Amino acid sequence: MPLALLALAVGAFGIGTTEFVMMGLLPDVADDLHISIPSAGHLVSAYALGVVIGAPLLAAATARMSRRKVLIALMGLFVAGNALSAFAPDYHWLLVARFVSGLPHGAFFGVGAVVATNLVAPERKARSVSLMFLGLTVANIAGVPVATFIGQHFGWRATFLGVSAIGLAAIASLASLIPRDHTHAPTGGLRGELAALRSLPVWLALGTTVAGFGALFSAYSYITPMLTDSAGYADSSVTLLLALFGVGATAGNLVGGRLADHSLRGTLFGGLASLVTVLALFPVLMSAQWSAAVAVTLLGTAAFITGSPLQLMVMEKASAAPSLASSANQAAFNLANAGGAWIGGVALAAGFGATSPALAGALLAVLGLAVAATAYAVDRRRAEVLAPTPGRLVATHVPPRPEHAHH
C-alpha cells in the first residue's frame with residue numbers, strides 16, 4: 001500500500017478527533033461560557049450542519065482543480081476552523097467556528113477516497129479506502145480520549161489548538177506524500193459531477209448509508225445512559241468503554257475493506273445483518289457489565305464493516321464523476337448521525353426504557369438492508385436490459401453469404 005494513504009489517514013485522524021471530542025467537552029464548554037448543556041449540544045449540531053452543507057458544495061466548487069491541491073486547501077480550512085474555535089470570544093463565535101470546522105470534512109473524505117482508489121490496483125480499492133478511514137476509527141481510540149483529557153486538564157481551548165496542530169501535520173504529509181501525477185483534475189468538471197447525482201443507484205447507495213449509520217447513531221448517541229442505568233457502570237468507566245467501541249470500529253473497518261475487495265455487496269449485506277443482530281440483542285447484553293462491554297465492541301465492528309463498501313459503492317455508481325457523489329456519502333453519514341440520534345431520543349422519550357434506542361436502531365438497520373436489496377434488484381434489472389439476447393448476438397456475428405456461393 002502506498003505511503004500516500006498515510007497522509008490521508010493523518011487528515012482523517014484530525015477530522016475524527018474534532019468531530020467526536022465535543023461530546024466529552026460539553027460540560028467544560030458550558031461552564032466556561034455560562035451556557036446550558038443543551039445549548040452546548042448545538043455545537044455538535046453546528047459541526048454536523050457544516051459537513052452536510054460543505055460536502056457537496058466544496059466538492060462541486062473544486063471539481064476542476066487538482067485533487068492534491070483540493071485536499072491541501074480543505075485541510076487549511078480545517079485548521080482555520082479549529083484555530084477559530086480555540087480563540088472564540090463567546091458562544092456565538094464558537095458556534096460559527098464549529099460550523100466552519102465541519103465544512104471541509106465531507107469533501108476531504110470524498111475527494112480523499114477517490115485519490116486513495118487511484119493510487120492502488122483495482123482489486124485493492126476497498127482496502128485503500130479502509131486505510132484512509134483508519135484515521136477516523138483510531139481517533140476514537142486515541143485521539144478523542146487524549147483530546148478530552150487535555151480539555152479537562154488544560155482547558156477546552158487547548159484541545160482545539162492541539163487539533164489545529166494535527167491539521168498542520170496533515171498538510172505537511174499531504175504535500176510531501178501525495179504524488180502530483182495521480183491527482184489531476186477530473187475532465188467532466190461540475191456538469192459531469194452533477195450528472196452523476198441523477199442516477200437512481202447512487203441515491204439508493206446514499207439511502208443505505210443514511211439508514212445503516214442512522215442505526216448506529218440511534219444507539220451510540222445514548223450509549224452512556226445505557227452503560228450506567230442498565231449495565232450498572234460508574235460514570236468514570238464510560239471513557240474506557242467508548243475506547244472499546246473505537247477498537248471494534250477499527251477492526252470492523254479493516255475487515256470490511258479486505259472482504260469488500262472480494263465481494264462488495266456480500267460484505268455490505270453481511271455487515272448490515274450483523275448490525276441488526278447486535279442491536280436487537282442490546283437489551284439482553286446490557287443486563288450485565290461483561291456482556292455490555294462486548295456489546296459496545298461488537299456495535300463498532302458491525303457498523304464499520306459497512307463503511308468502505310458503502311463509500312466504494314457510491315463511487316462505482318457515479319464512476320464518471322465520483323468526487324461529488326463520494327462527498328455526498330459523507331453528508332449522508334452526518335444526516336444519519338443527526339437523524340439516528342433524534343429517532344433514538346424519540347424512543348427514549350416515549351418511555352420504552354434505557355435500551356430502546358438500540359431497538360429503534362435495529363429497525364433502521366432492517367430498513368438499510370431493504371434499501372440495499374432494492375439497489376441490488378435495480379442493478380440486476382439494468383444488467384438484464386443492457387445484456388444482448390443470445391439470438392441477437394449470434395445474428396450480428398454471422399457473416400453475409402456471398403451471392404455466388406451456389407454457382
Side-chain angles (χ1 to χ4, degrees), residues 8 11-12 15-16 19 45 47-65 67 70-71 73-74 77-78 99 101-118 125-126 129-130 132-133 136 185-186 188-217 260 264 268 303-304 306-340 364 367-368 371-372 374-375 378-379:
L8 294 170
I15 287 172
E19 179 180 22
S45 309
Y47 183 92
L49 187 65
V51 180
V52 173
I53 291 173
L57 213 62
L58 291 175
T62 58
R64 287 200 174 277
M65 286 173 63
R67 307 289 82 188
V70 170
L71 288 169
L74 290 170
L77 183 57
F78 171 83
F99 175 78
S101 300
L103 287 172
H105 175 131
F108 182 87
F109 278 109
V111 174
V114 175
V115 171
T117 54
N118 285 342
K125 281 187 171 185
V129 173
S130 76
M132 179 183 72
F133 281 148
L136 188 66
L190 179 56
R191 188 172 292 179
E193 294 280 351
L194 290 172
L197 282 186
R198 287 204 284 269
S199 146
L200 176 62
V202 169
W203 283 102
L204 287 171
L206 293 173
T208 309
T209 297
V210 172
F213 276 94
L216 164 66
F217 285 111
L264 190 61
L268 180 57
F304 277 86
T306 62
S308 305
L310 280 169
Q311 189 73 33
L312 206 56
M313 194 165 283
V314 169
M315 287 160 61
E316 285 188 355
K317 298 303 169 201
S319 54
S323 292
L324 182 57
S326 183
S327 301
N329 193 48
Q330 292 300 313
F333 180 85
N334 276 269
L335 279 175
N337 190 338
L364 277 173
L367 177 63
V371 178
T374 305
V378 167
D379 278 0

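All figures in this text were calculated on a predicted structure; none of them were measured in a lab.
Of the inter-residue distances, the one linking Phe217 atom CZ with Asn334 atom CG reads 7.5 Å to the nearest 0.5 angstrom. Note that the CE atom of Met313 and the OG atom of Ser326 stand 13.5 Å from one another [nearest 0.5 Å]. One distance of note links CG of Leu136 with OG of Ser130; it measures 12.0 Å at 0.5 Å rounding.
The closest donor-acceptor contact from the side chain of Asn329 to the backbone of Ala325 lies at 3.5 Å or more, if one exists at all. At least one donor-acceptor pair under 3.5 Å links the side chain of Arg67 to the backbone N or O of Met65.
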Query - Candidate pair Leu57 and Leu103, rule side-chain contact (heavy atoms from CB on, under 4.5 Å), full reasoning - result: CA-CA 9 Å; Leu57 213 62; Leu103 287 172; over 6 Å; no
Query raised in the report: Should Leu264 and Glu316 be marked as a side-chain contact (heavy atoms from CB on, under 4.5 Å) after you check the CA-CA gap, both sets of side-chain angles, and the distance that decides it?
Result: CA-CA 11 Å; Leu264 190 61; Glu316 285 188 355; 3.6 Å; yes
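With sequence neighbours excluded, the residues satisfying ring-ring contact (aromatic ring centres under 6.0 Å, His included) with Tyr47 are His105. Every residue two or more places apart in sequence or in another chain that forms a side-chain contact (heavy atoms from CB on, under 4.5 Å) with Ala372 is listed here: Thr208, Leu268, Phe269, Leu272. Here Glu19 pairs with nothing under the side chain to side chain donor-acceptor pair (under 3.5 Å) rule; sequence neighbours left out.
Here the side chains of Leu58 and Ser327 are not in contact, with every heavy-atom distance at 4.5 Å or above. A heavy-atom distance below 4.5 Å is not found between the side chains of Thr62 and Leu74. Side-chain atoms of Gln311 and Phe133, non-hydrogen and from C-beta on, do get closer than 4.5 Å to each other. Counting only heavy atoms from C-beta outward, the side chains of Thr306 and Phe213 approach each other to under 4.5 Å. Taking 4.5 Å as the limit, some side-chain heavy atom of Phe304 sits within range of a side-chain heavy atom of Leu216.
Contact detail for Ala113 and Met315: the closest heavy-atom pair is O-CE, 3.5 Å. The minimum heavy-atom distance linking Ile15 with Phe108 is given by the pair CD1-CD2, 3.6 Å. Across all their heavy atoms, Lys317 and Pro201 have their closest contact at CD-CB, 3.6 Å. The minimum heavy-atom distance between Ile53 and Pro56, with the atom names listed, is O-CD, 3.6 Å.
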